[in-house]
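Quick notes on the structure that follows.
Because the structure is predicted, anything quoted here is derived from the model rather than measured. For ligands, and for the atoms within them, numbers begin at 1 and follow the listed sequence.
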Amino acid sequence: MDTNGHTTNGNGHNGPAALAIAEPPHYALLKEKIAILKHERDAIILAHNYQEGAIQDVADFVGDSLGLAQKAQRTPAKVIVFCGVHFMAETAAMLCPDKTVLIPDTAAGCSLADMVIPAQIRAWRREHPDGMVVCYVNTSAAVKAECDYCVTSTNGVKVVEQIPADKEILFVPDYYLGSYLKAKTKRNIHLWKGYCPAHAAILPEQVDELREAHPDAEFLMHPECGCTTKQMHLADQILSTEGMVQHVKRSTNAEFIVATENGLLHRLRTQYPEKRFYPASEYATCHHMQRNTLEKVFLSLVKMQCVVTVDPKIAERAVVPIQRMLDIW
Ligand code: 13P
């Protein structure tokens with residue numbers, strides 16, 4: 001620990017102590033057993049960028065919501081262990097009805113996705129009968145079944161731009177991503193007032209302090225950030241989690257302030273050990289994502305438990321806005 005109370009992580013980078021937790025000793029053995037089981041089950045492990053480092057390490061692919069959906073659709077494996085939250089695993093299950101999709105912990109939900117339910121979409125549509133409903137991928141399958149288009153943080157602008165210009169758009173559930181899309185596309189977008197609690201923990205004052213302390217650092221911001229509306233003009237880049245990883249790869253800059261859930265720091269620090277990353281807030285943690293652990297990944301493969309399924313009648317409708325998005329991007 002250095003004199004500021006910060007620990008140095010394995011890559012020699014400084015960060016708040018809470019972000020640099022050493023792996024338990026039994027993890028090495030668990031990782032070996034998971035590798036054997038994966039082979040026996042003909043399984044692939046897909047992990048979201050927010051998953052704990054140990055899960056990212058055993059994953060065959062680590063990425064953002066869009067990348068994971070595309071990977072699920074293309075894998076020849078029979079079993080997908082989806083290390084992310086429930087709506088992501090549901091999307092994989094709908095895109096791959098012939099595969100078995102497991103999630104390490106079925107309680108890994110999404111507070112943002114829970115902020116809108118199907119009956120609310122139907123009521124909103126009645127108020128705007130000519131509107132097109134666009135949902136963020138962070139929604140349940142039942143909500144997607146009520147929508148016209150789905151978007152992720154990577155492709156939102158592109159998808160919205162494909163919608164006929166005379167159509168008003170109803171966007172659910174993330175207010176901040178919706179505001180960003182509205183500003184970028186200049187479209188008539190009505191916004192639902194949902195938000196992600198992990199991104200809401202990132203406060204503009206903290207970002208200001210960090211920018212002052214690290215004037216050469218680039219400021220990377222996820223569009224779900226609650227401070228987007230106030231600070232959008234300050235961000236050097238507004239990007240999805242995968243967009244951030246790819247941006248860092250291209251950038252000649254050596255320092256970055258990262259405004260998103262802090263699980264992404266593991267991937268950034270592993271892939272770019274020569275660069276420095278400062279979390280915009282040490283409290284930007286998604287407690288749902290953290291429900292998945294390496295032990296639960298192991299158990300899901302041993303017992304083939306926590307299978308994610310979607311009612312076929314809902315899946316038939318929900319896959320339409322998802323596939324429209326995948327066809328555009
Ligand atoms: P990304 O698609 O950028 O990874 O974001 C997913 C998400 O759920 C953010 O909270």
Identify the protein heavy atom lying closest to atom 6 (C) of ligand 1, giving its residue, its atom name and the separation to 0.1 Å. Ser65 OG, 3.2 Å

Mutual orientation of the aromatic rings belonging to His214 and Tyr278 [parallel < 30°, tilted 30-60°, perpendicular > 60°]: parallel

Would you say ligand 1 has an N or O under 3.5 Å from any N or O of Thr152? no

Under 3.5 Å, N or O to N or O, is Asp64 touching ligand 1 that way? no

How long is the gap from CG on Leu177 to NZ on Lys182, to the nearest 0.5 Å? 13.5 Å

Going by distance only, is there an N or O of Glu224 that falls short of 3.5 Å from an N or O of ligand 1? yes

Would you say Asn49 touches ligand 1, if touching means a heavy atom closer than 4.0 Å? no

Starting from atom 5 (O) of ligand 1, which protein heavy atom do you reach first, and at what distance in Å? His222 NE2, 3.3 Å

Examine Ser153 against ligand 1 and note whether any of their N/O atoms are separated by less than 3.5 Å. yes

Within reach of ligand 1, part of Leu66 (heavy-atom separation under 4.0 Å): neither

Asp42 and Ala77: which non-hydrogen atoms are nearest, and at how many Å? O-CB, 3.5 Å

Any chance the rings of Tyr175 and Tyr195 have centres within less than 6.0 Å? no

From CA spacing to verdict: salt bridge (charged side-chain N to carboxylate O under 4.0 Å, His left out), Asp130, Lys167: CA-CA 7 Å; Asp130 295 329; Lys167 289 280 179 197; 5.3 Å; no

Once rounded to the nearest 0.5 Å, what's the spacing between atom CE of Met88 and atom CG of Asp64? 8.5 Å

Considering distance alone, does some N or O of His199 sit under 3.5 Å from an N or O of ligand 1? no

Which is it for Glu261 and ligand 1 at heavy atoms under 4.0 Å: side chain, backbone, both or neither? neither

Do the side chains of Lys144 and Glu90 get close enough for a salt bridge, i.e. N-O under 4.0 angstrom? no

